[in-house]
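These notes concern the structure reproduced below.
Here the structure is a predicted model, which means the values were calculated and not measured. Ligands are counted one by one from 1 in listed order, and the atoms in each one are counted from 1 as well.
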Amino acid sequence: MKRVLTIQDISCLGKCSLTIALPVISAMGVETVILPTAVLSTHTMFKNFTVKDLSDQITPITNHWKSENVEFDAIYTGYLGTVEEIELMKDLFKTFKKDGSFVFVDPVMADNGKLYPAFNDDYVKKNAELCASADIIVPNITEAAFMTGTEYREEYGEDYIKTLLSRLTELGAKVSVLTGVSLSKGKTGVYGYDREKDEYFTYQNDLIDAKYHGTGDLFSSAAVGALVKGKSLYESFKIAADYTALTIAETLKNPKKPWYGVDFEATLPKLIEASK
Ligand code: PXL
């Protein structure tokens with residue numbers, strides 16, 4: 001069985017980061033080791049959330065793993081929380097990356113043109129450095145614009161996307177995949193560039209007019225699961241995009257109208273089937 005290490009916060013209530021990555025990647029038949037970066041009462045879109053930073057736990061935990069000679073087929077980072085933690089990731093990648101494994105960085109810090117609460121320019125700069133040590137990065141357009149010092153646009157053409165991808169590639173990752181890219185009205189999806197093959201790829205789905213929290217984490221978790229199981233880049237991102245779209249559609253049917261997260265539990269069987 002393949003083994004993934006994922007490093008993100010635990011938002012106890014809110015369905016994002018580790019409370020998505022752990023169930024989703026495990027359900028895909030992949031052992032999922034977690035390294036929590038912080039414990040929050042909820043994600044940061046709630047008011048009055050509590051935070052306990054766990055930066056000081058990263059080194060003791062990983063030292064213990066080192067003594068156990070643990071290796072991972074993939075390392076996947078999401079919401080980290082502090083610049084100190086981002087710094088620690090560089091060593092962690094060196095220690096635990098083995099031949100044939102990959103590092104997947106989702107530089108979670110912003111959406112819809114704005115940084116999440118508690119992040120600043122320093123955090124953006126550190127995330128750009130982290131992306132340099134990754135094999136695959138999956139920023140949304142806002143994160144890509146911040147990291148590359150490019151103007152954020154809500155309306156754009158393929159030229160703008162290619163400019164962002166070229167600037168992201170300069171950061172250093174092998175594969176850059178922009179998420180939330182709409183190439184025509186009523187569509188959304190991904191647009192990626194593989195530096196080694198010098199190839200672009202894109203996949204679009206029908207846009208569902210609803211915004212939910214945690215969908216980026218759902219997308220990344222499904223992509224990591226599919227990639228580590230040996231699916232191609234295109235196939236993995238298609239599986240992840242389809243699963244995310246299906247889950248948003250399913251959540252819209254919920255009469256309780258959850259605002260803080262998606263009903264991914266209901267659609268997991270479809271993901272398991274798609275990634276077999
Ligand atoms: O889904 C991204 C995410 C993860 N973790 C925390 C967050 C967010 C987005 O706001 O607040 C704590």
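- Shown in contact with M45 at under 4.0 Å from a heavy atom are these atoms of ligand 1, numbered in order with element: 10 (O).
- Checked by distance only, ligand 1 and D217 come closer than 3.5 Å through their nitrogen or oxygen atoms.
- By the criterion of a heavy-atom distance under 4.0 Å, both the backbone and the side chain of T44 are placed next to ligand 1.
- Applying the 4.0 Å criterion to heavy atoms of C16 picks out, from ligand 1, the atoms 1 (O), 4 (C), 5 (N).
- Ranking the protein heavy atoms by distance from atom 5 (N) of ligand 1 puts D9 OD1, 2.7 Å first.
- Y79 and D217 form no side-chain donor-acceptor contact under 3.5 Å, judged by distance and modelled atom types alone.
- Residue nearest to atom 10 (O) of ligand 1, selected from Q8, H43, H213: H213 (by heavy-atom distance).
- Of the protein's non-hydrogen atoms, the one nearest atom 12 (C) of ligand 1 is S11 OG, 3.3 Å.
- A donor-acceptor contact closer than 3.5 angstrom is absent between the side chains of N140 and T179.
- Side-chain polar atoms of T188 and S182 form no donor-acceptor pair below 3.5 angstrom.
- Side chains of D242 and Y203: a donor on one and an acceptor on the other come within 3.5 Å.
- Heavy atoms of G216 stay at 4.0 angstrom or farther from ligand 1.
- Y160 and E151 share no side-chain donor-acceptor pair at under 3.5 Å.
- Side-chain contact check for T247 and E250: no donor-acceptor pair (N or O, by modelled atom type) lies under 3.5 Å.
- Note: no N/O pair closer than 3.5 Å links Y116 and ligand 1 by distance alone.
- Of the candidates F46, F49, Y79, the one placing a heavy atom closest to atom 6 (C) of ligand 1 is Y79.
- For the 3.5 Å distance criterion, the side chains of Q57 and S55 fail to qualify, holding no donor opposite an acceptor.
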